[in-house]
Amino acid sequence: MQKYGGFIPFIKSLKFRLIISIILVAVIPAFLVAAVILSSYEARALSIRESEIKSQAKILANQIATSEYMNADAATSDSILTQIGMLMSIYDGRLLIVDDNFRIMYDTYNLDENKTIISEEVIRSVSGEVFASYDSENQYIETATPIINPTDKTSTVLGVLVLSVSTDNIQLSADYLQQIAAVIMVLIVAAMGFFGVLISIHLVAPFNKLSEGIASIQGGRTDEELMVKDYTETIIICEKFNKMMSKMKVMDDSRQEFVSNVSHELKTPLTSMKVLADSINSMHGAPVELYQEFMADITNEIERETKIINDLLSLVKMDKTAAALNISAVNINELIEQIMKRLQPIADQQKVQLVMESFRPVTAEVDEVKITLAFTNLIENAIKYNKNDGEGWVHVSLNADHQYFYVKVEDSGMGIPEEALDHIYERFYRVDKSHSREIGGTGLGLAITRNAVLMHKGAIKVHSELGEGTTFDVRIPLSYIV
Ligand code: ADP
């Protein structure tokens, strides 16, 4: 038996797939939500910081513009420097004041004073524009705000306030949130894994019940019906399984019946032979004539045994698949004439008139041996179960259309009772057992005929009137259908 433990069978199990599905169903949306929240948090925090810095820079630029700072010596404008100091203590960054000649007047880092700065933002700002940008690589926001003369109606730009502020703390908060999200995600996976195991055990249980039920039926409790009602699927599987089991039971019963019939049929001639042999042995000094008579009876029984075995072998051959057919183009007129010629002596013995009527020449793709067997049985039965008062007749007719050929075997015999018509094709079935035995029947002939006809995808029909006669109609395709 195949083993279902181990890693690969677990990976392929429904249980594992359910666990993974449950985890994914929880984790994928949680992951998407976390990603969207984190990125929008960062974007929003940056935009708030940017507008905050812009407005602070604007306020400072106004103050610088009104304070004469741009005209006077920087050192004298203490209040502005105090403002700058305060601003820089709030934001971690660098502030430059640039005059309209692009000269750096003031640098909170004291690095570049009196140097000239020519950058895009400063140039654009000198022309009156407020400029802001975010450098995501170095994580800072830079703004350039024009310092505009408040008294001048033409809004002369006195200089530019360049403010660079680090966004490290925003990044730190984002990282922190990301860590929390990761922890939550791990907890979700663990929780969903745990629930997944519980749910999958519960959901898969009916299938385990199903396989246990099948195992117990395999173990011998074949009379029990399998039923697991938990799911529609399990109900369907159970119904199909029960149907299959009952079919197998019927097959098994018929096989057993067949075997017991075979043994019985084979035993009968043996029993007769034993009785004959025993009785002759017990007779001391019996005349030679008696020995000869008993030996003739024993020979008859041996012939009978041989016939049963031959019929059984034919039947077994017919039970095989259609692949066992040996198809060739056969002249059916000749085939039937041959059969009738072979059966003529029996017909003469029975004083039965044999007539063949053929409407057209017929050639068909058939297995010659099997079809010969089928028609021989039909015609032989028509002779055997006929009157022997010299009035009996058997008519065999052959006809065809573009698709099939038709053989009709009609007799003037004893007929078959209606209740027996359904059984005549069963193996070992005989309407009158003693009569059939008397005339050498095995009860296998019609079973062989029917199997041969069905193997050729043909059909057989019987019509019978008790005391009047019987007609068998056989239809077989001209071309063999695979
Ligand atoms: P058997 O070897 O006994 O003839 P078959 O399978 O050929 O077995 O036939 C089954 C039974 O059907 C026969 O025993 C007989 O009772 C009946 N039967 C078959 N053919 C005819 C027929 N043409 N007329 C009357 N009875 C028939």
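Start at 1 and go down the list; that is how both ligands and their atoms are numbered.
Assignment of Gly443 to the shell around ligand 1 is supported, since a heavy atom sits closer than 4.0 Å. Assignment of Ile424 to the shell around ligand 1 is supported, since a heavy atom sits closer than 4.0 Å.
Judged by a 6.0 Å distance limit and a 45° cone about the ring axis, Arg427 is positioned over the six-membered ring of Phe258.
Which parts of ligand 1 touch Arg430 is read off a 4.0 Å heavy-atom cut-off, strictly below it: atoms 3 (O), 14 (O). Taking every non-hydrogen atom of Lys384 and a distance limit under 4.0 Å, the qualifying atoms of ligand 1 come out as 4 (O). Within ligand 1, the atoms closer than 4.0 Å to a non-hydrogen atom of Thr442 are 1 (P), 2 (O), 3 (O), numbered from 1 in the order shown.
The protein non-hydrogen atom at the shortest distance from atom 26 (N) of ligand 1 is Ile416 CG1, 3.3 Å. Protein heavy atom nearest atom 19 (C) of ligand 1, with residue, atom name and distance: Asn381 ND2, 3.5 Å. The nearest heavy-atom contact from the protein to atom 15 (C) of ligand 1 is Tyr385 CZ, 3.5 Å. Of the protein's non-hydrogen atoms, Tyr429 O, 3.3 Å is the one closest to atom 10 (C) of ligand 1. At the top of the distance list for atom 3 (O) of ligand 1, counting protein heavy atoms only, stands Ser436 OG, 2.7 Å.
For Tyr425, no heavy-atom contact with ligand 1 is shorter than 4.0 Å.
Formation of a donor-acceptor pair under 3.5 Å by the Asp135 side chain with backbone atoms of Tyr140 is not found in this model. The main-chain N or O of Arg360 is never found under 3.5 Å from a side-chain atom of Asn399 such that the two would form a donor-acceptor pair.
Polar contact with ligand 1: present for Leu446 (N/O pair, distance under 3.5 Å). Residue Asp411 has at least one nitrogen or oxygen atom sitting less than 3.5 Å from a nitrogen or oxygen atom of ligand 1, judged on distance alone. By the 3.5 Å distance cut-off applied to N or O atoms, Val431 is counted among the residues near ligand 1.
Tyr231 and Phe207 have tilted rings, their planes meeting at an angle from 30° to 60° on a 0 to 90° scale. Between Phe472 and Tyr425, the angle of the ring planes goes over 60°, which puts this pair in the perpendicular group of the 30/60° scheme.
When side chains are defined from C-beta on, Leu210 counts as touching Cys238, because their heavy atoms get closer than 4.5 Å.
Within 6.0 Å of atom OH in Tyr291, more than 12 heavy atoms from other residues, nucleotides or ligands are found, so the atom counts as buried in its surroundings.
Not counting sequence neighbours, the partners of Val165 by the side chain to side chain contact (heavy atoms under 4.5 Å, CB included) test are Ile53, Tyr91, Leu163.
Nearest to atom 24 (N) of ligand 1 by heavy atom, out of Thr470, Thr471, Val409, Leu421, is Thr470.
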Distance-only check: which donor-acceptor pairs under 3.5 Å involve side-chain atoms of residues 342-357, not counting sequence neighbours?
{"unit_1": "Gln344", "atom_1": "NE2", "unit_2": "Asp348", "atom_2": "OD1", "d": "2.9"}
{"unit_1": "Gln350", "atom_1": "NE2", "unit_2": "Ile383", "atom_2": "O", "d": "3.3"}

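Side-chain atoms of Ser479 and Glu365 include no donor-acceptor pair closer than 3.5 Å.
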